[in-house]
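Just follow the structure's listing: the first ligand is 1, and inside any ligand the first atom is 1.
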Amino acid sequence: MAPGPLSPLAVEDLPQVAAIEALVFPEPLSLADLRRLWDDPATSYVGYRAGDRIAAYFGFQTSGPTAHVISNATHPDFRRQGLGGRVLQEAEPLARRRGARWFLGEVRVSNTAQLRVLHRIGWVEVGGCPAFFGNGEDAIVVWRCLP
Ligand SMILES: CC(C)(COP(=O)(O)OP(=O)(O)OC[C@H]1O[C@@H](n2cnc3c(N)ncnc32)[C@H](O)[C@@H]1OP(=O)(O)O)[C@@H](O)C(=O)NCCC(=O)NCCS
């Protein structure tokens with residue numbers, strides 16, 4: 001089934017988000033982490049549904065002009081259909097409505113797939129941060145001015 005349009009996620013979607021996190025991230029957010037984030041009014045989660053499955057999602061938190069990326073992922077069954085870039089782009093108006101002027105995120109230096117997606121959709125690399133991640137991996141700090 002093809003994914004539908006971008007929509008806000010519901011609290012009932014969090015177990016599925018936690019399952020995708022566990023599948024694709026070296027240091028995934030647990031369901032408890034996600035519930036804590038969800039309870040913070042600064043948090044937004046959007047995604048694409050394919051039937052009752054979540055094909056891709058994106059979570060961010062706004063604080064003043066910054067919309068900070070929590071995480072975005074595409075379920076492995078739905079990769080390479082453009083969803084990873086689309087979810088970030090189509091969330092831009094929402095971040096703008098929530099008062100943000102830019103997205104800010106941290107990407108593992110090894111994450112070539114995400115870095116390629118981000119370059120393609122106009123994000124820029126601001127700099128590096130050594131040993132940013134829990135396992136000691138360096139981060140590339142990425143930024144996107146919201147149109
Ligand atoms: C990064 C990610 C979101 C991309 O999802 P996607 O829906 O496949 O993204 P798109 O279809 O927009 O772009 C796919 C692009 O990613 C890159 N890509 C995909 N898989 C790749 C791989 N195994 N190695 C290198 N590049 C890869 C390619 O540039 C590809 O473009 P192409 O098909 O034109 O070559 C997805 O790989 C993912 O969920 N990864 C794990 C979670 C993650 O790292 N999230 C980001 C950090 S918060």
Q) Is it true that A56 lies under 4.0 Å from ligand 1, counting heavy atoms only? A) no
Q) Would R120 count as a contact of ligand 1 if the rule is a heavy atom under 4.0 Å away? A) yes
Please state which protein non-hydrogen atom is closest to [atom] and give its distance, to 0.1 Å?
| atom | result |
| --- | --- |
| atom 29 (O) of ligand 1 | R116 NE, 2.9 Å |
| atom 11 (O) of ligand 1 | G82 N, 2.7 Å |
| atom 28 (C) of ligand 1 | R80 NH2, 3.5 Å |
| atom 43 (C) of ligand 1 | F25 CE2, 3.4 Å |
| atom 25 (C) of ligand 1 | T112 OG1, 3.8 Å |
| atom 12 (O) of ligand 1 | G85 N, 3.1 Å |
| atom 22 (C) of ligand 1 | A113 CB, 4.3 Å |
| atom 2 (C) of ligand 1 | Q114 OE1, 4.2 Å |

Short question: side chain of [X], backbone of [Y] - any donor-acceptor pair under 3.5 Å?
| X | Y | result |
| --- | --- | --- |
| E21 | L29 | yes |
| S30 | D33 | yes |
| R79 | T74 | yes |
| D138 | A131 | yes |
| Q61 | A42 | no |

Q: Only heavy atoms count here, so choose which of T74, V69, I20 is nearest to atom 39 (O) of ligand 1.
A: T74
Q: Would you mind finding which of N72, I70, V117 brings a heavy atom closest to atom 3 (C) of ligand 1?
A: N72
In ligand 1, which numbered atoms sit nearer than 4.0 Å to a non-hydrogen atom of [X]?
| X | answer |
| --- | --- |
| Q81 | 11 (O) |
| N111 | 43 (C), 44 (O), 46 (C), 47 (C) |
| R79 | 8 (O), 36 (C), 37 (O), 38 (C), 39 (O), 40 (N), 41 (C) |

Q: Answer yes when E27 and R108 have at least one side-chain N-carboxylate O distance shorter than 4.0 Å, and no when they do not.
A: yes
Q | D77 and R53 ion-paired at < 4.0 Å | A | yes
Q | Parallel, tilted or perpendicular, as decided by the 30° and 60° cut-offs, for the rings of W143 and W102 | A | tilted
Q. Can you check whether a protein heavy atom sits less than 4.0 angstrom from atom 18 (N) of ligand 1?
A. yes
Q. Does a donor on one side chain and an acceptor on the other come within less than 3.5 Å for W38 and T43?
A. no
(Q) So which atom in E125 and which in V142 form the shortest heavy-atom distance, rounded to 0.1 Å? (A) CG-CG1, 4.3 Å
Q: Specify the closest pair of heavy atoms between L14 and L34, including all atoms of both residues, with the distance to one decimal.
A: O-CD1, 3.8 Å
Q) Does A73, backbone or side chain, put an N or O under 3.5 Å from an N or O of ligand 1? A) no
Q: May I ask you to check whether V24 has an N/O atom sitting below 3.5 Å from an N/O atom of ligand 1?
A: no
